[in-house]
Amino acid sequence: MKELAIIGTSMIDQVFTAKEALKFNQCNKGSMSVSVGGSMCNTARNCALLDFPVHFYTILGNDDFAQLIHNTLNSKYITLHETVVDAPSPLFAFLSDRHQHMKLSTISPTFLFQSPLQIPQPYVLTDNEKLLPMPNKVIFSGSIPSGDNFMHGLIINREEAAKLNPDLETAILRLKKRFSWVIITCDKDGVIYDYSGIKKQPACTDQPGYSLGCGDTFAAGFMSAYLSDLPFDECVSFGQRTAAEKFCHPEVVSPSISKLKLLQQSRNSIVDI
């Protein structure tokens, strides 16, 4: 098993679900949940639930929320490398009703590493472009970094890939010039990816569920398999299984994925293009 460092923001998620259509200038009634979040933080926690050890590098504030984040990351599978700053913890607010949603964030440069870190782990997963270039094998997640840096891998969703080209196969071919492999997650349409040729896998579920957090769960499942030296197609399959399990539960990081184990996956559903 290869060592993985995850570098990114830790914050507090506030998810508000309205009972009726959200309206400005009036009191909207609904339900609220508060939890620890941040894409890379979620991925580290998901790795821990899968019993996959990681090193997590993050910046914390100096308030009660920071203590909550610290306590939440207390796991035998997470080695926490925290930098503490004199500032309140950043918040991410997600407001939604049945038909629409709004995202709000108080993240500031204070909570972003501004230059590459010297870390001993050979593989790095991050969503912070400020860290590039790094001498490690960098896997970038969440968006397409600018510049011409050649990196080990890329995990993005369909919306991010479409900014490069609406035709996902064309987008992948362009991205492969900068990455050893590329994965594009497509919600209920499964994934399209290129490791040694473009392939597709269908989603593991077509039932209603909760999409928030599924991308981070996929990344954790995929990385735990990839750094355990499973064949690439099976790594994608395991990422899909973990995302499908989380999809059945409303929590952004669902303890239910802890029941999943790394096993050889069937290749019957994999389609070469």
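- Side-chain atoms of Glu251 and Ser35 form no donor-acceptor pair, as typed in the model, at a separation below 3.5 Å.
- The distance between the ring centers of His152 and Phe179 does not fall below 6.0 angstrom.
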| Working for salt bridge (Lys or Arg N to Asp or Glu O under 4.0 Å), residues Lys199 and Asp233 | CA-CA 9 Å; Lys199 295 183 178 181; Asp233 294 335; 2.9 Å; yes
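- Residue Gln26 qualifies as enclosed at atom CD: its count of foreign heavy atoms under 6.0 Å is above 12.
- No donor-acceptor pair closer than 3.5 Å links the side chain of Ser224 to the backbone N or O of Phe52.
- In summary, Arg178 and Asp148 do not engage in a salt bridge, as defined by a charged side-chain N under 4.0 Å from a carboxylate O.
- Ile7 and Ile107 fall within the same hydrophobic cluster, defined by Ile, Leu, Val, Met, Phe, Trp and Tyr side-chain heavy atoms under 4.5 Å apart, directly or through other members.
- Gln240 CD to Cys204 SG: the interatomic distance, rounded to the nearest 0.5 Å, is 5.0 Å.
- A donor-acceptor contact closer than 3.5 angstrom links the side chains of Glu245 and Ser256.
- The hydrophobic clustering, which links ILVMFWY residues whose side-chain heavy atoms are closer than 4.5 Å, places Tyr77 and Ile6 apart.
- For Arg158 and Asp189, the salt-bridge test passes: some basic side-chain N is under 4.0 Å from an acidic carboxylate O.
- Annotation: the span from Ile257 atom CD1 to Thr217 atom OG1 amounts to 5.5 Å, rounded to 0.5 Å.
- Around atom NZ of Lys137, no more than 12 heavy atoms belonging to other residues, nucleotides or ligands sit under 6.0 Å away.
- Taking both residues in full, the closest heavy atoms of Glu169 and Ile198 are given as O-CD1, 3.9 Å, listed atom of the first, atom of the second, then distance.
- A side chain to side chain donor-acceptor pair (under 3.5 Å) with Ser10 is found for exactly one of Asn42, Thr72, Thr58, namely Thr58.
- For Pro145 against Leu132, the heavy-atom pair with the smallest separation is CB-CD1, 3.9 Å.
- A chain of hydrophobic side-chain contacts below 4.5 Å, direct or via other Ile, Leu, Val, Met, Phe, Trp or Tyr residues, connects Val34 to Met102.
- Here the side chain of Asn157 pairs no donor or acceptor atom with the backbone of Gly215 at under 3.5 angstrom.
- For Lys130, the NZ atom counts as loosely surrounded, since its 6.0 Å shell holds 12 or fewer non-hydrogen atoms of other residues, nucleotides or ligands.
- Checked by atom type and distance alone, the side chain of Lys188 pairs as donor or acceptor with a backbone atom of Gln207 at under 3.5 Å.
- With a 6.0 Å radius and a threshold of 12 heavy atoms from other residues, nucleotides or ligands, Gln114 has its CD atom above the threshold.
- Grouping the Ile, Leu, Val, Met, Phe, Trp and Tyr side chains by contacts below 4.5 angstrom, directly or via other members, places Phe247 apart from Val15.
- Proximity of a side-chain donor or acceptor of Ser228 to a complementary backbone N or O of Leu230 within less than 3.5 Å is not detected.
- Scanning all heavy atoms of the two residues, the minimum distance from Arg241 to Leu260 falls at NH2-CD2, 3.5 Å.
- Checked options Tyr193, Tyr195, Tyr226; the residue passing with Trp181 is Tyr226 (criterion: side chain to side chain donor-acceptor pair (under 3.5 Å)).
- Tyr210 and Phe94 sit in two unconnected hydrophobic clusters of ILVMFWY residues. Membership requires side-chain heavy atoms under 4.5 Å apart, directly or through other members.
- A side-chain N or O of Ser39 and one of Asp216 form a donor-acceptor pair less than 3.5 Å apart.
- The side-chain contact (heavy atoms from CB on, under 4.5 Å) with Ser96 is formed by just one residue from the set Leu212, Leu22, Thr17; it is Thr17.
- Ser89 and Asp63 are linked by a side-chain donor-acceptor pair at a separation below 3.5 angstrom, with hydrogens and angles left out of the test.
- Counted within 6.0 Å of CG on Asn71, heavy atoms from surrounding residues, nucleotides or ligands total more than 12; the atom is thus considered enclosed.
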